[in-house]
Amino acid sequence: MTDPVGKLPSELDQLPDRDPEETAEWAASLDAVTQAAGPHRAAYLMRRSLQHAEGAGLALPKLLETDYVNSIPTAAEPAFDGDLEMESRITAWNRWNAAAMVTRGARYGVGGHIATFASAAWLYETGFNHFFRGKEGDGSGDQLYIQGHASPGIYARAFLDGRLSEQQLDNFRQEAGGEGLPSYPHPRRLPWLWEFPTVSMGLGPLSAIYQARFNRYLANRNIKDTANSHVWAFLGDGEMDEPESTAALALASREQLDNLTFVINCNLQRLDGPVRANFRVVQELEAQFRGAGWNVVKTLWGNAWDELFQLDTTGALLRRLREVPDAQFQTYATRDVAYIREHFFGAEPALAELAKLLTDAKIGECFYTSRGGHEARKVYAAYKAAVEHKGAPTVILAQTVKGYTLGKGFESKNANHQMKKLSIDEFKGMRELLGLPIPDSAFEDGLVPYGHPGADSPEVRYLQERRAALGGPAPARRVHAVALPQPEERAFKALYKGSGKQEMATTMAFVRLVKDLMRDKETGKRWVPIVPDEARTFGMESLFPSAGIYSPLGQTYDPVDRDQLMYYKEAKDGQILNEGITEAGAMADFIAASTSYATHGETMIPFYIFYSMFGWQRTGDQMWQLADQLGKGFIVGATAGRTTLTGEGLQHADGHSHLIAATNPASLNYDPAFAYEVAVIVKDGLRRMYGPEAENVFYYLTVYNEPKPQPAMPEGVEESIVKGLYRFKEGTPAKADAPRLQLLASGTAIHWALEAQELLAADWGVTADVWSATSWGELRRDALEADEALLRGEQQVPYVTQALSGAPGPVLAVSDWMRQVPDQISQWVEQDWSSLGTDGFGLSDTRAAARRHFGVDAQSIVVASLAQLARRGEVPASAVKEARERYGL
């Protein structure tokens, strides 16, 4: 036998063939089958052989794509553990009330989504009745990431089991009065029901993976037994296009997260039209997940298709299903049977012959309604296979019809995502289809009524009994947070006393503080250090040997630096989460750890440290997810500011993260200048987030990599540090009538301000007081609260106004940030205001050159100060020109 012409070399060509004759016989047999029975038969035999080999335990690569059929044949489905008729009635009520709630809300123009839940109803109902563990049983229960657009269906179920009232349903998307229901899963808006915000597409799947991983982290560190917690993520096939949706698939399989199941509702439609108009999204997703090492379960066809597959003796039906693109299959669901006979079955003679054996009713049932995701037995079989599979996460690809049961005006229509209501006639048709006992008289007021079988009805009793057996209501959020004891003062005092003549960057001060806090007997184990592969950049390698880097496998190799003091140590009970180069993954870690107080009743203290440029700018959407989920912890932007990171250039120079952070109401943002300020802020953060009156906030600290001598803390400044402003160094007037001004500086800029203070006094006879502005954001937050108090008729003076009250001269604010950052507080400063900042793109150069370029160095501050005083007539205008020339500006 000769090799085919043009055959490319493969890895097999590099392996010795101990019996070339036997190999040639196998190849000849395959050729003979191809010639005698055709290529389809040959391909079938090859796949059967691979399946047999896998079952025999032979190590062979798996196929990335299987036929367009169910992974679990009907004959292999397990017995259904429930009353299918009862569950059908419950699902019908939920479908009705979800549609009614959105339609009634349309009166007020608030909208809502109907079609998504209509397609996914059985995916949720089967889980609620048979699989999803609640929080009132043993352990923490399951974690449910509900698809955002399906929220009306979840509300409808909560209404059925008595957790929501008709009035609350009528307040869907009307929250201003405090009694409404949020549009999507928002824990901050409805904290007793929702655990995880998911409507920002792509963040749900990413977070679910890291939540499953964090569950294992808690178990491996002996903090919480999470063996009975399973993470379920409900996703849309269109959502899988988001890069975050598939960013961590390899992590999930690499760490064998068999406590995780993705359920992807493959209704073949996204917001505007087909997900893969000219392709097949199910097959694409299967290949993607199989390639990443996941267990894949396809639930595509309902029982009506069984007859078709049994009649398909030639494989023509399977071939046709493999080649029909999604957009065409969507069209079949909206056309008459004659069209399907012509365009689907008419594609080849064998299919046409098969179609002759089928009634129009059978074809209609198959192509209009019979999908795996619409049949409880199919979904039950898939879920059971998922929870019983060991060694890998599972993805269930469930095919459905978008808008199912909502009538021909909705089902499979491109526009159904934007369709917010049904007419009364459409509801009456839906009533007949679902078999609900709702009389025509219920529509007399022109509104569609809510339906309920009664609090003591068999349906409600069945629903509640099922949930009781599974551990209580779901979804549900429960907080059992226990206040953590405050750490010993010793760790903070080390920074209060300063560093003497030794230089130390505030980044190192923060790391040193946390390292000491991690030794605390009471709370040390609850710290969760998170870093995206930059630990050495931030001086955290000293934590490697003592805390260890988390790995579920431990350390299976001999590290290259084993003989060094700070060697790279991985451990199954490691405390550090070193995520590799993924800020999004590190943020997902942070969210899981920061909300563990609610998810698992275990309070953890995460701190996530990163290049400040790659935090809010790159993962700001997750910061809002964190706020929505009521997370707590310390986010640390290291190597902060636009000019402190020498040589790195534009994309590393952060001058704006504080501006972005200021938009998030849950983020308390600080830009400390000194090590003792870092200590005071962290101590106050531990009190506010983890004390007896814990608040649902998180902290953003920026720290710098510029080594400086760290002064000792002045007396009595702790409260002012937390509030955001205090006078650090008062100027000494050379004479009684010397011109005077106030220099406000944050972060590393305080060193430029202090140098400018000396130059102003020595060269120009000007007295300047230097203030440390630890938080422009907190000063603004306090001032806004004062403004709100005025609207209520209450007199309240902003802290920044009080602090600067009577301070002589104008105010000049300076920072290593854009001018908008300090300008946040300008309207509450009574003195003349001006600011300096690092507006524009960053650049590569020395710190001194970069600061001169942006006009924020000490000499630039002097010139700007003189210009302010000249405008007030307190120094001659010529002094400004003279200063520019003297300093070479």
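Taken to the nearest 0.5 Å, the CZ atom of Phe492 stands 5.5 Å off from the CG atom of Leu686. We find the CD1-OH distance between Ile530 and Tyr608 to be 8.5 Å, quoted to the nearest 0.5 Å. Here CE of Met818 is found 10.5 Å from CG of Asp654. Values are rounded to the nearest 0.5 Å. Annotation: the span from Gln824 atom CD to Gln820 atom CD amounts to 9.5 Å, rounded to 0.5 Å. With rounding to the nearest 0.5 angstrom, the OG atom of Ser594 is 6.5 Å from the CD atom of Gln629. The structure places OG1 of Thr646 at 7.0 Å from CG of Asn705, a figure rounded to the nearest 0.5 Å.
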Between Ser667 and Val697, does a side-chain contact (heavy atoms from CB on, under 4.5 Å) hold up when you go through it step by step? CA-CA 6 Å; Ser667 180; Val697 295; over 6 Å; no

Could you go through Gln795 and Leu790, starting from their C-alpha distance and side-chain angles, then the distance that decides it, and tell me whether this counts as side-chain contact (heavy atoms from CB on, under 4.5 Å)? CA-CA 6 Å; Gln795 190 66 31; Leu790 285 174; 3.8 Å; yes

Go through it in stages, so that I can follow the logic: the residues are Asp823 and Ser826, the test is side chain to side chain donor-acceptor pair (under 3.5 Å), and I'd like the CA-CA distance, side-chain angles, deciding distance and then a yes or no. CA-CA 5 Å; Asp823 284 350; Ser826 61; 5.2 Å; no

Full working for side chain to side chain donor-acceptor pair (under 3.5 Å) between Asn669 and Trp776: CA-CA 8 Å; Asn669 311 310; Trp776 308 104; over 6 Å; no

Going through the distances and angles, do Arg819 and Ser835 end up as a side chain to side chain donor-acceptor pair (under 3.5 Å)? CA-CA 6 Å; Arg819 290 175 62 180; Ser835 63; 3.1 Å; yes

Decide yes or no on side chain to side chain donor-acceptor pair (under 3.5 Å) for His186 and Asp628, but give the supporting numbers first. CA-CA 6 Å; His186 289 307; Asp628 193 345; 2.5 Å; yes

Please lay out, stage by stage, how Arg872 and Asp832 fare under the test salt bridge (Lys or Arg N to Asp or Glu O under 4.0 Å). CA-CA 9 Å; Arg872 295 163 57 93; Asp832 291 342; 2.8 Å; yes

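With a 6.0 Å cutoff to the six-membered ring centre and a 45° limit on the axis angle, Arg886 counts as a cation-pi contact of Trp764.
A side-chain donor-acceptor contact under 3.5 Å links Trp771 and Gln742. With 3.5 Å as the limit, one finds a donor-acceptor pair spanning the side chains of Gln625 and Ser207. In summary, the side chains of Glu534 and Thr537 do present a donor paired with an acceptor at a separation below 3.5 Å, with no hydrogens or angles considered. The closest side-chain donor-acceptor pair between Asp763 and Tyr887 falls under 3.5 angstrom.
Within a 6.0 Å radius of CZ in Arg189, no more than 12 heavy atoms belonging to other residues, nucleotides or ligands are found. Shown here is Ile581, whose CD1 atom has no more than 12 heavy atoms of other residues, nucleotides or ligands within 6.0 Å.
Distance alone, capped at 3.5 Å, places no donor-acceptor pair between the Glu718 side chain and the Val680 backbone. The backbone N or O of Gly731 lies less than 3.5 Å from a partner atom in the side chain of Asp769, making a donor-acceptor pair. Side chain of Thr846 to backbone of Ala849: a donor-acceptor contact under 3.5 angstrom is found. Using modelled atom types, one side-chain atom of Thr663 and one backbone atom of Ile660 make a donor-acceptor pair closer than 3.5 Å. Within the 3.5 Å criterion, the main-chain N or O of Ile825 finds no donor-acceptor partner in the side chain of Arg780. Distance alone, capped at 3.5 Å, places no donor-acceptor pair between the Thr506 side chain and the Val703 backbone. Glu583 contributes no side-chain N or O that, together with a main-chain N or O of Gly615, makes up a donor-acceptor pair within less than 3.5 Å. Of the possible donor and acceptor atoms, none in the side chain of Ser499 sits under 3.5 Å from a partner among the backbone N and O of Met504. A donor-acceptor pair under 3.5 Å links the side-chain atoms of Arg188 to the main chain of Ala627, judged by distance alone. At least one donor-acceptor pair closer than 3.5 Å links the side chain of Thr595 to the backbone N or O of Ile591.
Under 4.0 Å is where a charged nitrogen must lie from a carboxylate oxygen, and between Arg851 and Glu706 at least one such pair does. Looking at Glu579 and Arg213, a side-chain N of the basic residue comes within less than 4.0 Å of a carboxylate O on the acidic one, giving a salt bridge. Between Lys708 and Glu503 there is no salt bridge, since none of the side-chain N atoms of the basic residue sits less than 4.0 Å from a carboxylate O of the acidic one. Checked for salt-bridge contact, Lys723 and Glu719 meet the test: a charged N lies under 4.0 Å from a carboxylate O. For the pair Asp816 and Arg642, the salt-bridge criterion is not met [side-chain N within less than 4.0 Å of a carboxylate O].
A centroid separation of 6.0 Å or more is found between the aromatic rings of Tyr700 and Phe698. Aromatic ring centres of Phe607 and Phe510: separated by under 6.0 Å.
Here the closest non-hydrogen pair linking Lys632 and Ala694 is NZ-CB, 3.4 Å. Scanning both residues, Gly539 and Val511, for their nearest heavy atoms gives O-CG1, 3.7 Å. Shortest non-hydrogen contact noted between Gln757 and Leu743 is N-CD1, 4.4 Å. Residues Ala807 and Gln831 approach most closely at O-NE2, 3.2 Å, considering heavy atoms. Of all heavy-atom pairs spanning Pro485 and Glu522, the tightest one is CG-CB, 3.7 Å. The minimum heavy-atom distance between Val856 and Ser815, with the atom names listed, is CG1-O, 4.2 Å.
With contacts defined as side-chain heavy-atom distances shorter than 4.5 Å, the pair Val722/Ile681 does not qualify. The side-chain heavy atoms of Gln575 and Pro529, taken from C-beta on, include a pair separated by under 4.5 Å. Side-chain contact between Ile635 and Leu701: absent, with no pair of heavy atoms (C-beta onward) separated by less than 4.5 Å. Looking at heavy atoms from C-beta onward, Asp520 lies in side-chain contact with Thr523 at the 4.5 angstrom threshold. Using a 4.5 Å heavy-atom cutoff, the side chains of Trp833 and Val811 are in contact. Put simply, the side chain of Lys515 reaches to within 4.5 Å of the side chain of Ser542, judged on heavy atoms.
Applying the side chain to side chain donor-acceptor pair (under 3.5 Å) test to pairs two or more places apart or on separate chains, those with a residue in residues 670-692 are Glu489-Lys683, Asp671-Thr702, Asp671-Tyr704, Asp671-Ser746, Asp671-Trp817, Tyr676-Tyr726, Glu677-Tyr726, Glu677-Ser772, Asp684-Arg687, Asp684-Tyr699, Arg688-Glu695.
Relative ring orientation between Tyr611 and Phe614 is described as perpendicular, the plane-to-plane angle rising above 60° on a 0-90° scale split at 30° and 60°.
For Tyr568, the ring-ring contact (aromatic ring centres under 6.0 Å, His included) test picks out Phe544, with sequence neighbours left out.
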